[in-house]
Amino acid sequence: MAPRALFLARRSYRLRRLRDAALMLPLLGGFLFLLPVLRGSGDLADEVVYLFVVWPLLILAAFVLSRLLGGRRSEAEPGSGGEPGEGGGR
Amino acid sequence: MIASQLLVLASLIYVGALFLVAFLVERRAARGGIGWLRSPLVYTLSLSIYCTAWTFYGAVGYAARSGLEFVTIYLGPTLVFIGWWWFLRKLVRIGKTQRVTSIADLISSRYGKSNLLGVMVTVLAVLSSTPYIALQLQSVTLAFQAFVAGPADGAALPGPDTTALWVAAGLALFTILFGTRNLDANEQHQGVVTAIAVEAAVKLVALLAVGVFVVWGVADGPLDILHRVTAAQRGAWELRPDRWVGLTFLAGVAVFTLPRMFQVLVVENVNERQVATASWAFPLYLFAMSLFVVPIAVVGLDVLPAGANPDLFVLTLPLAMNQGGLAMLAFLGGFSSATSMVIVAAIALSTMVSNHMVMPAWLRFGPRQATLAGDVRRVVLLARRISIAAVLAMGYGYYVLTGGSEALASIGLISFVGAAQVLPAMLGGMFWRGATRAGAATGLGLGLAIWLYALFLPSFGPSGLIPAQVLAAGPWGIDWLRPQAMLGVNGMDPLIHALFWSLTVNTLGFCTVSLLTFPGPMERLQAAHFVNAFDKGPGAAGWSRGAAEAEDLLVMSQRILGPGAAQAFFSAQARAQGIEGFLPEPTPEFLERLERLLSGSVGVATAHAMIAQIAGGASVSVEDLMAVANETAQIMEYSSQLEAKSEELARTARQLREANAKLTQLSHQKDGFLSQISHELRTPMTSIRAFSEILMAGGLNPADAERYAGIIHDESIRLTRLLDDLLDLSVLENGRVSLSETEVSLRALIERAIAAAQPGMMAVERDPAAEAVSVLTDADRLCQVFINVISNARKYCNAPKPRLRIAVRALGDEVQVDFADNGRGIAPESQALIFEKFARLGDQSHAGGAGLGLAICREIMANLGGTIAYLPGQGGAAFRVTLPRRMARAA
C-alpha cells in the first residue's frame, strides 16, 4: 500500500475541517449559554431575548453542518468506495 | 363548560385513535411498506418524549417560580445534540454493532456481559423512573382536577388519589396492549414509535396554540410580553450560577441516560442519518416547546388570581378566557406528553427487568428443559406485563407517599440525578479501555447509594423515610453525614449537592477500582469493540453462509415463538421466495429477518447465538467459544474420571479374583481337613474302642492287658494334644492369650528347643557366638515356635543326610532367626498356604500332626510382635523368625 499522503485533496481537506467545526460547535454553544450567568443580574427580559436569539442561531449552524456532513455520507454510502485519501480517518 | 364525562370520553377517543395508528402501522410494517417510517422526521419526533407532562405543564410553573432557569433543561440536550459528532454518533454506532436492547444491556455488554451490572443498572433505572412516572400521574390528575373543578357542575368529584389510581391503571393497560401485544415487534416498535411521533406533534401544536393565543390574544404581542417580564421581575428569578451550570449539565446527561430516551435514541434508531438530522431538528423542537413558556408564565401571573397553581397555567389560562376548545387541546397535549413518556418508559424498563432479572433467574431456577412449545415466549411476555404493572404501581405509590404536593419540576430532577449515575460507567466504557467491571460496579453502587441517601429518600418529606432531625443534624448526630450537607459542604442547593457528591464519588470509585483491578478476556475484547467502534464497518456482520437447515430453524423458532406464529412466519417467507410449504431457503436475508424476530422474544445476543449454532459459521463470539471450551473441559475431566474409576474397578476385580481363588483353595483345604480331622479323631478312637472292648472281654494275660492299656493311654494323649492344639490356636487368634515376659538368652532357648524336638539323626549347625543375644519376650511361647519349626524340619526333610542350619542375626531393634534344612523345600504355589490352618502338604500321613503347627506359630509370633515367614532360595525349606528385642506390650 502507498504511504498515507501528507496533504489531502481539497475536498477531503474541507470535509475534515467540517468535522472539526462540528466538534467545536457545542463548545461555542456552552460558552454562549454560560454568558447570562457571567453577566450577573440584569434585566430578565434582555436575557430572554439573548437566549432565544442565540439558541436558533446555534440550531441553524448545526443544521448547516449536519447537511454538509450527513449529505457527504449518504452520497458516499451507495458507492461504498468513499473518497480516496480519506480512508485513514482521524 | 366541559363536564368530566366529556373529558374522559375525549381522552378515551384520543387513546383509541393512537392505538389505531399503532395497529395500522404495524400491519403496514409487517407487509414491508415502512420506508417513510425510517425517515429522520419520525425519529426526531419520537425523541420528543424527552418533553413529558413535566415540560408541558411544569416548565411554565418552573418559569413562574424561578424565572429563566427552566431553560437549562433544554439547553443541555441542545448542546449534546449539536455536538453529536463527539458522542451520540459513537453511542448509536455501538448500539447498532452490539445489538443493544437497553441501557442496562449496553453497560452489561461493555463489561464482559456482566449480569451483575445489568441488574444494577436495571434497579437504578426502575428506582429513578419511579418519581418520573409519579410526576406524570400527578400532572394528569392535576389537569383533570383543574378542568372539572372550574365549573361547579355539582358532579361528585373523585379524590386526587382515586383519579391518579385510575390514570395509573389505564396507562398500565394501555402500555401492556401497546408494548407487549406482539413480542416479536420488540426490536422495532414501529407502531409505538409512530404513535409517539403523533403525540409529539399534538403536544407541540397544543403548546404553540396556547402560546400564540396568550401572546397575541391576551397580551399585545412580543413587546408587551417583554414589558410584562421586566415589570414582573422578582428576587427568585435571579440566575444562580451553580444551579444554571449544574442543571444544564444534568439535563445534557439525562437526555441519553434516561431509560426511555436511550430506548428511542439508540434502540429504535434505524440508521445514522437519523442522528445527523436529529442533531438540529431535536434542538429545534425543544426551542419551539420552550418559546412560549415565559410568555405563558408571565401572563398567567398577571391575569390569574394570586393563589393559582402556576403548574397549570397552560390549562387555566384558556379556561379563564373561556376558550374551551383550546383548553381541551391543551389537556390532550398534556395527556399526550404523559402517556407517551409512560409507555416508552414502561416498555424500556420491562425489557430490562425481563432480560436482566427474570430471564436469567428463570433459566437458572426454572425447568431444565423447555420442552413445551413457546413456553419461553410465555415467560417473557408475562414477565414484561407484570413488570409494566409493577412499574406503574411503584409510580402510584410514590405519588401517594409524597402526597402529590411538590412542584413538578423538583420531582423530575430527582429522576435526572438518578439516571445520571450511569454516566461514568458509560463514558468510561466508550472512551477508556482500562475501565473494568469491578470499577463500574463500584461507581454505580456508590452513586446509587448517595443518590438514595441525599436526594431520593429525603424527597418523601420530613415525615417520610428520613426524619427531620436526621436531615438537620445527621444520622446519630454525626454532623458531616447530613444528607443535604455531606462533609460539611453547606450552602449548596440540595439537588446540586446530591448531583455533585454522587457523581464525584461515583467517578472516583469507578476510576480507582478500574485502575486496581484486571479485566477478564471477555471484558478486554468488549472494551476494544466499544472504544474502537469506528474501526469496523457499520452494522454487525451479516449471515454470510446459507448452511443452516431450515427445518432445525423451524423447530427452534417454534419453541420460542409458539408453533402458530413460527409456522406462519416460515410459510410467508417461503412464499416470498416462491417456494411452497413451510421451509424457505436459508438465505442471509431470511436469517436476518428470523434473528430480528427471535430477538424480540429472547434478546438480541441470545437470538444471534441461537441462529449461529444452527447456521454454523458466521460470527461466533468469544463467549460462545469460552462456553464451548468450558463444556469440552468438563467432558474431558469427566472421561478422565471415568478412566480412573474403571482402572480402580479393574484393580478391585483383580483383588476380588485373587481373594476368591484363595478362599476356594482354603475351602477345599477345610473340607480336606475336616475329613482329615475326622480321620485323625477316628483312628485313635477306633483303637481305643477296640482295645477297651478286648480288655472288657477279659481273659488276658497281664502283659497284654498292660500293653493294650498303654495303647489306649497313648491314643487318648494324642487326642488330647490335638484338642489342645485347636484350643491353643483359637485362644491365640482371638488375642486372649496371656504372655509372661522374661529376659532370656536366645542360645538357651534354642538349646531347649532342640532338646525338646529331638532332631535325632539330623545334624544341627549353629553359631554359638551369634546366638549370644538376649531378648525380652515370652520364652515358653517362643520356644514352642522353635520346637515346631525344628520338628517340622525333622519330619519333612527328606535328604539322605538331613542337616539343619540355625543362624541368628541381630539387626538394630530386631533379631532374625533362620532355620534352613537341606530338603527339597516347599513348592512355590504352596508357600502362601503353609501358614494357614489345617494346611498339610501332600499326603505325609506320617507327620502325626493335624496341620496346625505353623498356623499356631504365626499366631504366636503376631502376639509377640514379630513375624514368621517362609524364606525361599535357601536350598531347602527355610523359615525366618523375626522378633523384636523388647516385646512391645500389647494393649
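So that the names make sense, note that chain A is the first sequence line, chain B the second, and so on, each numbered from 1.
Contact of A/L51 with chain B is made through the side chain alone, with heavy-atom distances under 4.5 Å. There is no contact between B/I225 and chain A, counting heavy-atom distances below 4.5 Å. The part of B/W244 that comes within reach of chain A is its side chain, from C-beta onward, which places non-hydrogen atoms under 4.5 angstrom from that chain. Only the side chain of B/V245 comes within less than 4.5 Å of a heavy atom of chain A; its backbone N, CA, C and O stay farther away. Contacts of B/F282 with chain A are absent, with no heavy-atom separation under 4.5 Å from either backbone or side chain. Interface remark: A/V64 contributes no atoms to any contact with chain B (heavy atom separation under 4.5 Å).
Comparing B/I82, B/V229, B/V298 by heavy-atom pairs within less than 4.5 Å of chain A, the highest count is held by B/I82. When each of B/S290, B/A281, B/S279, B/G252 is scored by its heavy-atom pairs under 4.5 Å with chain A, the top score falls to B/S290. Interface summary for chain A: among B/T248, B/V294, B/L291, the most heavy-atom pairs under 4.5 angstrom belong to B/L291. Put simply, of A/W55, A/F33, A/F52, the one with the most heavy-atom pairs under 4.5 Å next to chain B is A/W55.
For the pair A/R17 and A/Y13, the cation sits on the ring face: its NZ or CZ lies under 6.0 Å from the ring centre, inside 45° of the axis. Taking the ring axis of B/F530 as reference, the NZ or CZ atom of B/K90 does not stay both within 45° of it and closer than 6.0 Å to the ring centre.
With B/Y74 contributing its side chain and B/Y285 its backbone, the two residues share no donor-acceptor pair below 3.5 Å. No donor-acceptor distance shorter than 3.5 angstrom exists from the side chain of B/W280 to the backbone of A/A62, with no hydrogens or angles considered. In this structure, B/S46 contributes its side chain and B/Y43 its backbone to a donor-acceptor pair below 3.5 Å. B/K203 contributes a side-chain N or O that, together with a main-chain N or O of B/S48, makes up a donor-acceptor pair within less than 3.5 Å.
In terms of the ring pair (Phe, Tyr, Trp, His ring centres under 6.0 Å) criterion, B/F292 has no residue partners (sequence neighbours excluded).
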